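Structure first, commentary second.
Keep in mind the model is a prediction, meaning the values are calculated, not measured. Only this structure's heavy atoms are used, side chains among them; waters, hydrogens and symmetry mates stay out.
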2 protein chains.
Amino acid sequence: MKLSEGVEWGLHCVTVLAGLPPRATLPTKALAEYHGLSETYLAKHLQALTNAGIIESLPGPKGGYRLRRAPEEITMLEVVEAIDGREPLFRCAEIRQRSPLTQESAQYRVPCGIHIAMARAEKAWRDALRTQTIADIVSHYQQSTGEQRLQESAEWIAGRMRQI
Amino acid sequence: MKLSEGVEWGLHCVTVLAGLPPRATLPTKALAEYHGLSETYLAKHLQALTNAGIIESLPGPKGGYRLRRAPEEITMLEVVEAIDGREPLFRCAEIRQRSPLTQESAQYRVPCGIHIAMARAEKAWRDALRTQTIADIVSHYQQSTGEQRLQESAEWIAGRMRQI
DNA sequence: GAACGATTACTCGGATACATGGTGTCCGAGTGACGCCGG
DNA sequence: CCGGCGTCACTCGGACACCATGTATCCGAGTAATCGTTC
């Protein structure tokens, strides 16, 4: 089992968009180039983020993507679920019920202990992602990156950015 | 992303094996029949559990599988990792470094905030699975299942079990 | 000079192929139990 | 009656196809800026 590559792409793109001035946009081409990704495939994931209400798209020339909400209001879990789906990691097929000596019975409506334990672990994972916002990521990035590099990035992005 | 079906199979089979008397074994055929699974495919997963040192196999007639350690000493995480692999859910490709303005620099050896956050969430998931042992699952099963059903299961298994 | 309109270039969006890994199956090697034979 | 041996049936183990999901791509629809024309 592994998470989709697109999750990493989406998180990084949202992080970059979070660094833009208010209402400014950045097109797919710039986001793909900045991260060295396939432009067309990245578009697919940006579309998923749009459908999830995390980012929004502006069509036409000078169009592009921008955040729909403040970085503090976007959790990592939202981005992960938008791209990777909201279905649980562990889907219990309740195979315990397939025993040849199983009769139709109400007691089997109770989920098995394995199901409960897996759900608890999954909740811990989701909770950890829910407590981390995009703003936290941006903050960490700014603190862990050199001043020169920060400015170079800002300039590179500013050159492709579209202010309204 | 979803966990392999085999994880559920493995957990249930280990749970059943945990209920056997000491040193007794149960063949693949019985385990598959009990859960309504494909015998040949289940064998593949049991093989993975064997390689992981969780269960052990006895060849020849009257052979089969049995636990290699006490149920209290086997965590759910071990079973999950044995079947699904020990690789991390989120493999950070550090695409932040692919930026066209990236130069070779030591600062990039520091993992990005996204990587750190994902690793923390994954650790929470693993920790939750590590604290749950097979003995806990067995205990929960015995408490949540009716007496009649428990006895029927025990008899069915006893009929296919091989005592040494 | 200003306003209107057609053109145009750029954007996103969904429908379409390819590849990798999980799913499922098969047959062969190995081993201990069983039955037979001889002492 | 007891011990040894050959046969056998049953077990696990690894190598081989199949399918679903993620990966990657393309082309079409839509939109706003731009430029030219006209008043």
Does A:S57 have a side-chain nitrogen or oxygen under 4.0 Å from the phosphate oxygens OP1 or OP2 of C:dT11? no
Side-chain N,O (B:T28) to OP1/OP2 (D:dC12) below 4.0 Å: yes
Quick one: B:I83 CD1 to C:dG22 P, roughly how many Å, whole number? 13 Å
Presence of B:R162 side-chain N/O under 4.0 Å of D:dC10 phosphate oxygens OP1/OP2: no
Give a yes/no answer on whether the side chain of A:Y41 brings an N or O atom under 4.0 Å of OP1 or OP2 in C:dT16. no
Measure from CG on A:L3 to P on C:dG22 and round the result to the nearest Å. 14 Å
Just N and O in the side chain of A:T50: are any of them under 4.0 Å from OP1 or OP2 of C:dC12? no
Length of the line joining B:Y65:OH and D:dT11:P, which is rounded to integer Å: 11 Å
Ring geometry between B:W156 and B:Y34 (parallel below 30°, tilted from 30 to 60°, perpendicular above 60°): tilted
Report yes if a side-chain nitrogen or oxygen of B:S4 is closer than 4.0 Å to either non-bridging phosphate oxygen (OP1 or OP2) of C:dT23; otherwise report no. yes
Protein-nucleotide distance (B:K2, atom NZ; C:dG21, atom P), rounded to Å: 14 Å
D:dT21 P sits how many Å from A:D84 CG, rounded? 13 Å
Charged N-O contact under 4.0 Å between B:R160 and B:E33: yes
A:P27 side-chain proximity, nearest of C:dC12, D:dT31, D:dT11: C:dC12
Using the closest heavy atom to pick a nucleotide of DNA chain D for each, name whichever of A:K44 or B:N51 lands nearer the 5' end. B:N51
If you look at every strand shown and take non-hydrogen atoms under 4.0 Å, does A:T40 touch a base, only sugar-phosphate, or nothing? base
Fit a plane to each ring of A:H45 and A:W9, take the angle between them on a 0 to 90° scale, and name the class: parallel (under 30°), tilted (30 to 60°) or perpendicular (over 60°). perpendicular
Let me spell it out: for each of A:L42 and A:K62, pick the nucleotide of DNA chain D with the closest heavy atom. Which residue's pick is nearer the 5' end? A:L42
Which sits closer to the 5' end of DNA chain C, B:H45 or B:G60, going by the nucleotide each is nearest to? B:H45
Could you state the atom-to-atom distance from CD of B:Q163 to C1' of C:dA33 in whole Å? 17 Å
Can you tell me the distance, in whole Å, between the CD1 atom of A:I55 and the P atom of C:dG13? 8 Å
Lys/Arg-Asp/Glu bridge criterion (N-O < 4.0 Å) met for B:R69, B:E78: yes
Does a side-chain N-to-carboxylate-O contact under 4.0 Å join A:K2 and B:E87? no
To the nearest Å, give me how far apart CG (B:L58) and C1' (C:dG30) are. 13 Å
Counting the atoms with a prime plus P, OP1 and OP2 as sugar-phosphate, which does B:K29 contact under 4.0 Å by heavy atoms, base, sugar-phosphate, or nothing? nothing
